[in-house]
Amino acid sequence: MTMEEFRILHSTLIEHYQFIEAHLEGIYAAISSKYFVDGLKDVEKHSIHRTIVEIKKLEAENGRKVLTEEEYLQLQKILQKRNFWCHNCYYDMVFSDKTGGLKYERDIKLMKQDLWEAEVWRERLFDKKCDMFKQ
């Protein structure tokens, strides 16, 4: 993998994580019993973790379940992966002196797997958010 390929994949991965965050904010706003824009303002400066906590609180208050407990557990794992790719991957991974990209096949596989998983979650949360407006 070249550095250019790494950067493209990394950028795409971060894009998916940002949309995951935006969809979670939209889910919060949709169940907040406020105008949608006001609900978004409530969480616009929150960390993604805090937004998830706030969604759980609203679910309990409103009696309206959006995410299962298993999905919450999976989201916690997604957040750990997001934090790694956003804050640590350049420190923790080995890059090739020749190509500048990831040196080890296991790291390339990890990145591709995390990319696929983030894309799936991005779509899943988008669908959940859209379904909320159909009700």
Practice task
Could you tell me whether a side-chain N or O of E59 sits under 3.5 Å from a main-chain N or O of L67, the two making a donor and an acceptor?
Solution key: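 Yes.
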
Handout entry: Any residue meeting side-chain hydrogen bond (donor to acceptor under 3.5 Å, both in side chains) with R82, in chain and number order, not counting sequence neighbours
Key =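 R82 satisfies side-chain hydrogen bond (donor to acceptor under 3.5 Å, both in side chains) with no residue once adjacent residues are dropped.
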
Problem - Pairing residues for R124 by the side-chain hydrogen bond (donor to acceptor under 3.5 Å, both in side chains) criterion, not counting sequence neighbours - result: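 With neighbours one apart ignored, the set is Q74.
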
For the residue pair [X] and [Y], establish whether any side-chain heavy-atom pair is separated by less than 4.5 Å.
X   : Y   : value
L24 : L75 : yes
E61 : L58 : yes
I78 : I20 : yes
L79 : Q76 : yes
H10 : I14 : yes

Same cluster or not: are [X] and [Y] linked, directly or through other Ile, Leu, Val, Met, Phe, Trp or Tyr residues, by side-chain heavy atoms under 4.5 angstrom apart?
X   : Y    : answer
Y17 : L73  : no
Y91 : I108 : no
V37 : Y28  : no
I55 : F19  : no

Practice task
Quick one: closest heavy-atom pair of S32 and G39, and the distance?
Solution key: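 Where S32 meets G39 most closely, the heavy atoms are OG-CA, 3.8 Å.
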
Which residue pairs pass the ring-ring contact (aromatic ring centres under 6.0 Å, His included) test with at least one member in [range], sequence neighbours excluded?
range           : result
residues 97-126 : H23-F126
residues 67-86  : none
residues 29-67  : F36-F133

Handout entry: Which residues share a side-chain contact (heavy atoms from CB on, under 4.5 Å) with T68, sequence neighbours left out
Key =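 Partners of T68 under the side-chain contact (heavy atoms from CB on, under 4.5 Å) test: E70, E71.
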
Atom pair [atom1] ([X]) and [atom2] ([Y]), whose distance is rounded to the nearest 0.5 Å:
X   : Y   : atom1 : atom2 : answer
K57 : I52 : NZ    : CD1   : 13.5 Å
N83 : C86 : CG    : SG    : 7.0 Å
R64 : S33 : CZ    : OG    : 10.5 Å

Handout entry: side-chain contact (heavy atoms from CB on, under 4.5 Å) between R50 and E54, worked out
Key = CA-CA 6 Å; R50 184 159 176 214; E54 294 298 323; 4.0 Å; yes

Any pair with a residue in [range] that passes salt bridge (Lys or Arg N to Asp or Glu O under 4.0 Å), sequence neighbours left out, goes on the list, sorted by first then second residue, please.
range            : result
residues 4-33    : E15-R122
residues 101-112 : none
residues 26-41   : K34-D42

Handout entry: salt bridge (charged side-chain N to carboxylate O under 4.0 Å, His left out) partners of E117, counting only residues at least two apart
Key =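 Checked E117 against salt bridge (charged side-chain N to carboxylate O under 4.0 Å, His left out); matches are K81.
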
Please report, to 0.1 Å, the donor-acceptor pairs under 3.5 Å made by any side chain of residues 94-102, with sequence neighbours excluded.
| residue | atom | partner | partner atom | Å |
| --- | --- | --- | --- | --- |
| S96 | OG | K98 | N | 3.1 |
| S96 | OG | T99 | N | 3.2 |
| T99 | OG1 | M1 | O | 2.9 |
| T99 | OG1 | G101 | N | 3.1 |

Practice task
Check ring-ring contact (aromatic ring centres under 6.0 Å, His included) between H16 and all other residues, then give those that pass, not counting sequence neighbours.
Solution key: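 Once residues adjacent in sequence are excluded, H16 has no partner under the ring-ring contact (aromatic ring centres under 6.0 Å, His included) criterion.
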
